[in-house]
Amino acid sequence: MPSPKNAMEIFRLLDQSNCRECGEKTCLAFAGAVYRGQKKIQGCPKLDPATRARFSDESENQPALEQNRDKYLAILKAEIGRIDLAAAAARVGADFSGSKLTLKVLGKDFSVDSSGKLSADIHINPWVALPFLDYLCRGKGLPVAGNWLSFRELKDGKERYPLFQKRCEMPLKQVADTYTDLFDDLVRIFGGKQVQEQFQSDISVVLHPLPRVPIMICYWLPEDGLESSLNVFFDDTADKNLAIGSIFSLGAGLAQMFEKLALRHGFAEAASIT
Ligand code: SF4
């Protein structure tokens, strides 16, 4: 079942009694918090059982998501054995030597051989391994155009955007809120580049999780009673160089990596991020 496309769609599913049992002043405020990924719809005790079941079945179900990811990863590894790795390297801007294809993921070497065996200078997060292999098997290798789009503006991104917010933008925002060195570390450790602020953000950093699939993270500091916000942008060629599912996986993988980075640096607040 498709995810709600806006807060009003969520509001229509609620009891609309403004009883405040969810901790929000109104059902509309609660719907907005759910849409932004700050609350789960199951937090409303008056939700009818059918709606509750519908949302617990959704793809945010972690084991189901991971099962699908692992199945697709196995398919891609098998596919790597059937493609011409040297030709793939030329198409996507990778190096090829000694039957191994290597490209930079966040500035570090990431390789695969013709049997699908992965090796890397960084921890191999399966959420990042999946887009890496998809990029090699199916990516068109188009050069970066320099026009930034949000996830929901990419082909087939609109329907998946609420889940992308939950798995990528919200966790990244929580890390950025509690781990003040995040953006410096993205530049120092992952080869990111701080760029002139975009979309009137306070901080904008561009990273290259794949050579021709840059992402830009924009962060707005809290101001005048408004809380901080964070959005991730992609080049407008991203959906030609990667399928939307792989772009989602890339965002979720980066969020996980940066959460771990924050935890390693001992920021206890970040430990509560799930
Ligand atoms: S608990 Fe449910 S019905 Fe009550 S205010 Fe919150 S969303 Fe509305």
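First listed ligand is number 1; within each ligand, the first listed atom is number 1.
For the pair D134 and R138, the salt-bridge criterion is met [side-chain N within less than 4.0 Å of a carboxylate O].
In the hydrophobic clustering of ILVMFWY residues, with side-chain heavy atoms under 4.5 Å counting as a link, V213 and I122 come out together. L142 and L103 sit in two unconnected hydrophobic clusters of ILVMFWY residues. Membership requires side-chain heavy atoms under 4.5 Å apart, directly or through other members. In terms of hydrophobic clustering, with Ile, Leu, Val, Met, Phe, Trp and Tyr side chains grouped at heavy-atom distances under 4.5 Å, L106 and V175 are assigned to a common cluster.
Checked by atom type and distance alone, the side chain of Q256 never pairs as donor or acceptor with a backbone atom of G253 at under 3.5 Å. Looking at Y135, its side chain does come within 3.5 Å of a backbone N or O of R212 through a donor-acceptor pair.
Here the heavy atom of the protein found nearest to atom 6 (Fe) of ligand 1 is C22 SG, 2.4 Å. The protein heavy atom nearest to atom 7 (S) of ligand 1 is F30 CD2, 3.5 Å. Protein heavy atom in closest approach to atom 8 (Fe) of ligand 1: C27 SG, 2.2 Å.
Near R20, with a cut-off below 4.0 Å to any heavy atom, the atoms of ligand 1 are 4 (Fe), 5 (S). Against a heavy-atom cut-off of under 4.0 Å, P45 is close to the following atoms of ligand 1: 1 (S). Which parts of ligand 1 touch N18 is read off a 4.0 Å heavy-atom cut-off, strictly below it: atoms 5 (S).
Looking at C19, S17, A31 and measuring to atom 4 (Fe) of ligand 1, the nearest heavy atom belongs to C19.
For residue C44, no N/O/S atom approaches atom 6 (Fe) of ligand 1 to within less than 2.8 Å.
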